[in-house]
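Below you'll find the structure, written out as structure tokens, and then a few comments.
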Amino acid sequence: MPTTPLFPLPEGLDITSISETPEEVLVRVTSQRPTSTCPGCATPSAAIHSYYRRKPLDLPCAGRPIRLLLTVKKFFCRVPECPRKIFVERLPDLIAVSSRLTLRLRTAVQEVSLATCGKGGERLAGKLGMPLSDATLLWSLYLVPLPEVGQVEVLGIDDWSYRRGKRYGTILVDLHTHKIIDLLPERTVDSVVAWLEAHPEVGIVSRDRGGVYMDGATQGAPLATQVCDRWHLLKNLGEAIEGFLIRAHIRLPDTATTAGTPEGAEAARGAPTLERPLTTYSATPAQQGKTQARLLRKWKLYERIHELHAGGMSLRKIGEELGLARGTVRKYFRQAPEPPLPTPRPLRASKLDPYEDYILARLAQGCLTAAQIHREITEMGFSGGSSNVKAYVAHLRTSIAAGATPIKRSERVQALSPRSLRWLLTRERKDLNQEEQAQLDQLLTVSPEVRTVHDLLHTFLALMRERQHQQLRPWMEEASKSGIAELKSFVAGVERDYDAVKEAFHLHWSQGPTEGKVNKLKTIKRVMYGRAGFRLLRQRLLLDA
Ligand SMILES: [Zn+2]
């Protein structure tokens with residue numbers, strides 16, 4: 001029986017019969033090809049030695065698995081010098097030499113595997129008539145050749161964590177094509193150097209502000225231009241400003257929010273209230289970490305939107321591309337290039353506030369461990385956990401160290417936190433509502449230093465927005481001369497990495513795409529992890545890229 005259009009086979013292969021079992025359809029296929037080429041010497045041979053049978057799975061038909069009962073030949077090789085005396089018939093258009101899957105089934109399986117994960121893929125393939133184990137599905141990915149990396153001119157480099165920040169690897173992204181080009185199992189200078197040495201064409205390296213990639217790029221690609229990433233730069237500047245607000249005890253002399261209390265009224269009369277420190281009390285480090293992660297996601301979006309727009313894409317198209325509402329795109333687009341800050345809110349009240357006087361008294365008596373304080377107030381009726389106590393005690397201790405009694409809790413829930421003040425200082429005036437504008441004006445009168453900080457900050461943001469790299473040096477000098485310690489140390493940090501920071505003002509390359517790929521990696525890792533070691537993760541990611 002010749003082949004049918006319903007079940008096409010390559011030239012020279014005939015169907016001899018079809019039968020079935022409860023599980024599968026059996027298709028007997030015989031090769032009619034008279035010769036085959038010897039793999040040892042590439043000479044065709046027609047000298048048949050024997051026949052044998054292979055039983056590969058093929059693509060399903062009408063939802064039922066198909067198994068081929070494939071009769072193929074063994075040939076003699078008659079070339080005297082050839083080491084192969086006997087070889088099996090090659091069917092390169094149907095199946096690989098020792099495979100249990102036909103090529104077309106293999107391709108389908110790879111597609112399923114790329115679109116799913118181990119166990120989910122196994123279930124899906126089973127329903128489609130391809131009864132294969134998840135191990136086979138994952139393994140099939142190794143057989144897909146990886147795309148050529150080609151020439152990488154602009155490289156983005158970042159780290160990714162195997163599991164909750166315990167161990168890190170490195171991800172490399174081509175910032176021209178936005179494709180992942182490699183994944184390294186570790187975050188070390190040596191591995192980065194080795195990779196870069198194999199890619200001498202790299203001309204620009206965009207990286208974070210950490211030392212590993214700085215050293216890696218410097219040693220591995222000494223001629224490449226390094227660009228440090230703007231998120232960390234702006235974050236560091238914002239933190240410097242918040243540090244200043246805390247140290248200098250800057251508070252808003254706000255009649256509206258504190259007039260209700262006697263202290264508030266007094267504060268309003270005395271204009272600048274500098275005698276009491278107000279630190280940002282943000283519960284536990286874990287919560288702070290979550291806030292950071294959320295802000296980083298926003299920032300990546302921000303950079304991505306600006307990048308797409310710089311590439312000529314309309315805001316509407318960007319919204320479609322990134323799956324965002326048009327209003328959201330517009331909001332991000334208009335924003336100043338400062339990493340987004342949490343929405344300002346009054347300093348938080350805490351379950352611990354009722355114990356504040358007691359804790360202060362104990363601290364004054366020299367009881368300095370949070371664990372002991374936790375035990376004591378638990379006996380008094382406090383029901384919270386020890387990490388909260390730890391953070392709270394640290395907060396009180398900072399306040400005391402700053403040389404004053406901490407602000408009363410009744411005030412704490414009303415006053416603006418240093419973070420809120422930083423937010424006010426950072427926003428463009430036009431983006432503030434009327435009340436916020438009034439608050440900003442008041443804040444700027446608190447001290448000349450606040451005015452200086454505000455001006456320096458906005459100059460910095462404008463330089464970055466307008467890519468005025470040649471103005472960075474003058475800005476640094478001015479900031480150093482301001483006499484504000486926090487800005488001085490920010491400048492010192494910039495100085496250590498000056499060239500890369502300057503390029504961040506100059507070139508439009510950003511870590512945005514790299515960060516985006518790290519997110520993709522996280523998603524893939526989540527569905528594959530456990531099934532997938534590093535090698536498989538890499539294969540999967542590079543195929544997908
Ligand atoms: Zn041969």
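As the structure is a computational prediction, the values presented were derived from the model and not from experiment. One-based numbering, in listed order, for ligands and for the atoms of each.
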Spell out the protein N/O/S atoms under 2.8 Å from the Zn ion (ligand 1) as residue plus atom name. Cys38 SG, Cys41 SG, Cys77 SG, Cys82 SG
So, does Asp14 use its side chain to make a donor-acceptor pair with the main chain of Thr16 at under 3.5 Å? no
With distance as the sole test, does Arg33 use its side chain to make a donor-acceptor pair with the main-chain N or O of Glu89 at under 3.5 Å? no
In Arg67, Arg104, Arg64, the residue satisfying salt bridge (Lys or Arg N to Asp or Glu O under 4.0 Å) with Asp58 is Arg104
Contact between Thr102 and Leu68 at the side-chain level, heavy atoms closer than 4.5 Å - yes or no? yes
Between Lys317 and Gly312, is there a donor-acceptor pair closer than 3.5 Å when you use the side chain of the first and the backbone of the second? no
So for atom CD, which belongs to Glu148, do other residues, nucleotides or ligands contribute more than 12 heavy atoms lying within a distance under 6.0 Å? no
